[in-house]
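Working notes, structure below.
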Amino acid sequence: MTDAVLSAPVATPAPDRERLAAFGFVAPSLLITALVFVLPLALLLGVSVLDPKGGVTSAHYARLLGTPYYLGVIWNSLRLGLLTTLIAFLISYPAAFALARARGPLRSILLATLFLPLAASVIVKAFAWTILLRSDGLINTVLIAAGIIEDPIRMIFTQTALIVGAVNIFLPFMVLPIYAVVAQLDSRYAEAAATLGASPLVVFFRVILPLTLPGIVAGVALVFSLSVSAYVVPTLLIGEKYPTLATTIAKAYLLAREPGFGAAAGVVLLAIAIIVVALSALLSREPK
């Protein structure tokens, strides 16, 4: 009897039906993601190391990362992203608190001023800035009519115009994530800290700022990623005077007919975006 029991086959556990069902639901999304995102990026990486004569080469990356001109192009993109992100944050942080504390119709109006620009194309908004900043534009016309200046000031095709336009266009992507966090902020934390004798500066840096950090990280990641890869804004507001990675990619594909070099520039731009997302994930992670 004992030998019969020992020799009986052991029943294997049945497959986890919940996991199989979950995988069945997720599989189509994974397939679409692979076809729409992963495959094009893999092709981009392949083209970036492809030698026109056949074989694999790193000449495109050596040209991009070893030439002072193209290093300046990379710095221009980073500088545009950093300045746009910093200025947008300085404007958005207090604006998010003002928006969260607004009540009734005022809040609706303020939210509308944020969402309505998102419905317009980036091209339309960039063209609007060219109309405002040109020599016969609205700003110069008002300044001359007010007697502040006698001759038109050159505003368009300057770095100032580029930064101002980029901040204006990408500002909602900074305000909204911060506002989403600030709107859920419990004011009792700040009141408790003040009751315990903390000064307003201590309350801000030790209580409010850490609690709003997830919104800040999300806004910074969005604005930096959008501005560092912007193509329309620098093209229309400053032109050839401020080459960026995005404009370099366009020239490589459309004018120079150098897809390998354009793909290498795209991979570098993608690497910058991945680094930003990775840093954002690390900063937004809650301490254990």
(request) With side-chain contact (heavy atoms from CB on, under 4.5 Å) as the test, would you mind laying out the steps for Leu80 and Val233 before giving the verdict? (result) CA-CA 11 Å; Leu80 174 61; Val233 178; over 6 Å; no
(request) Write down the atom of Arg63, the atom of Glu258, and the distance for their closest heavy-atom approach. (result) NH1-OE1, 3.0 Å
(request) Can you see which heavy atom on Leu171 is nearest to which on Ser92, and at what distance? (result) CD1-OG, 3.1 Å
(message) With clusters defined by side-chain heavy atoms of hydrophobic residues (ILVMFWY) lying less than 4.5 Å apart, directly or transitively, does Leu226 cluster with Ile238?
(response) yes
Could you list the donor-acceptor pairs under 3.5 angstrom formed by side chains in residues 35-49, with sequence neighbours left out?
from	atom 1	to	atom 2	distance (Å)
Ser48	OG	Leu45	O	2.6
Ser48	OG	Tyr61	OH	2.6

Enumerate donor-acceptor pairs with a distance under 3.5 Å from any side-chain N or O in residues 201-215 to protein atoms, sequence neighbours excluded.
from	atom 1	to	atom 2	distance (Å)
Thr212	OG1	Tyr93	OH	2.7
Thr212	OG1	Ile208	O	3.0
Thr212	OG1	Leu209	O	3.1

(message) Quick check: do Ile275 and Leu279 have side-chain heavy atoms less than 4.5 Å from each other?
(response) yes
(request) Output the distance between atom CG (Leu237) and atom OG1 (Thr160), rounded to the nearest 0.5 Å. (result) 11.5 Å
(request) Determine the minimum heavy-atom distance between Asn140 and Leu133, stating which atoms define it. (result) ND2-O, 4.1 Å
(message) Between Val181 and Val220, is there shared hydrophobic-cluster membership here, with clusters defined by ILVMFWY side-chain heavy atoms closer than 4.5 Å?
(response) no
(request) With sequence neighbours excluded, tell me which residues meet ring pair (Phe, Tyr, Trp, His ring centres under 6.0 Å) with Phe224. (result) none
(request) Flag yes if Val73 and Leu83 sit in one hydrophobic cluster, no otherwise; membership is Ile, Leu, Val, Met, Phe, Trp, Tyr, and two members link when side-chain heavy atoms are under 4.5 Å apart. (result) no
(request) Verify, without hydrogens or angle tests, whether Tyr242 (side chain) and Pro234 (backbone) share a donor-acceptor contact under 3.5 angstrom. (result) no
(message) Minimum heavy-atom separation for Val228 and Leu269, please, with both atom names.
(response) O-CD1, 3.8 Å
(message) Taking Tyr69's backbone N and O only, do any of them form a donor-acceptor pair with Thr67's side chain (distance below 3.5 Å, no angle check)?
(response) no
(request) Using the test ring pair (Phe, Tyr, Trp, His ring centres under 6.0 Å), find all partners of Phe157 that sit at least two apart in sequence or belong to another chain. (result) none
(message) Using 0.5 Å steps for rounding, measure from the CD1 atom of Ile144 to the CD1 atom of Ile139.
(response) 12.0 Å
(request) Determine yes or no for a side-chain-to-main-chain donor-acceptor pair under 3.5 angstrom, with Arg154 supplying the side chain and Ser135 the backbone. (result) no
(request) Following the transitive rule for hydrophobic clusters with a side-chain heavy-atom cut-off under 4.5 Å over Ile, Leu, Val, Met, Phe, Trp and Tyr, establish whether Leu162 and Ile153 coincide in one cluster. (result) yes
(request) Could you pull out the closest heavy-atom pair between Phe261 and His60, with the gap in Å? (result) N-ND1, 3.6 Å
(request) Would you check if Ile249 and Tyr231 make a side-chain contact, meaning some heavy-atom pair closer than 4.5 Å? (result) no
(message) Working to the nearest 0.5 angstrom, can you tell me the gap between Leu78 CG and Asn76 CG?
(response) 9.0 Å
(message) Quick check: do Leu245 and Ile272 have side-chain heavy atoms less than 4.5 Å from each other?
(response) yes
(request) Compare all side-chain heavy atoms of Leu176 with those of Leu222 and state whether any distance is below 4.5 angstrom. (result) no
(request) Report yes if the side chains of Thr85 and Phe170 come closer than 4.5 Å at any heavy-atom pair, otherwise no. (result) no
(message) Could you work out, with salt bridge (Lys or Arg N to Asp or Glu O under 4.0 Å) as the rule, every residue matching Glu150, not counting sequence neighbours?
(response) none
(message) Show me the pairs that pass ring-ring contact (aromatic ring centres under 6.0 Å, His included) and involve residues 121-154, at least two apart or across chains.
(response) none
(message) I'd like to know if Ile131 and Val122 are part of one continuous hydrophobic network [Ile/Leu/Val/Met/Phe/Trp/Tyr, side-chain heavy atoms within less than 4.5 Å].
(response) no
(request) Looking only at non-hydrogen atoms, find the nearest pair between Ile156 and Leu236 and report the distance. (result) CD1-O, 4.4 Å
(message) As an exercise, state the distance from OG1 of Thr130 to CE of Met155, rounded to the nearest 0.5 Å.
(response) 13.5 Å
(request) Calculate, to the nearest 0.5 Å, the distance between atoms CZ and CD1 belonging to Phe89 and Ile178 respectively. (result) 6.0 Å
(message) Main chain of Thr244, side chain of Thr247: is a donor-acceptor contact present, judged purely on distance under 3.5 Å?
(response) yes
(message) Quick check for you: to the nearest 0.5 Å, what is the distance between Ile216 atom CD1 and Ser280 atom OG?
(response) 12.0 Å
(request) Check whether more than 12 heavy atoms from other residues, nucleotides or ligands sit under 6.0 Å from atom CG of Leu30, and answer yes or no. (result) yes
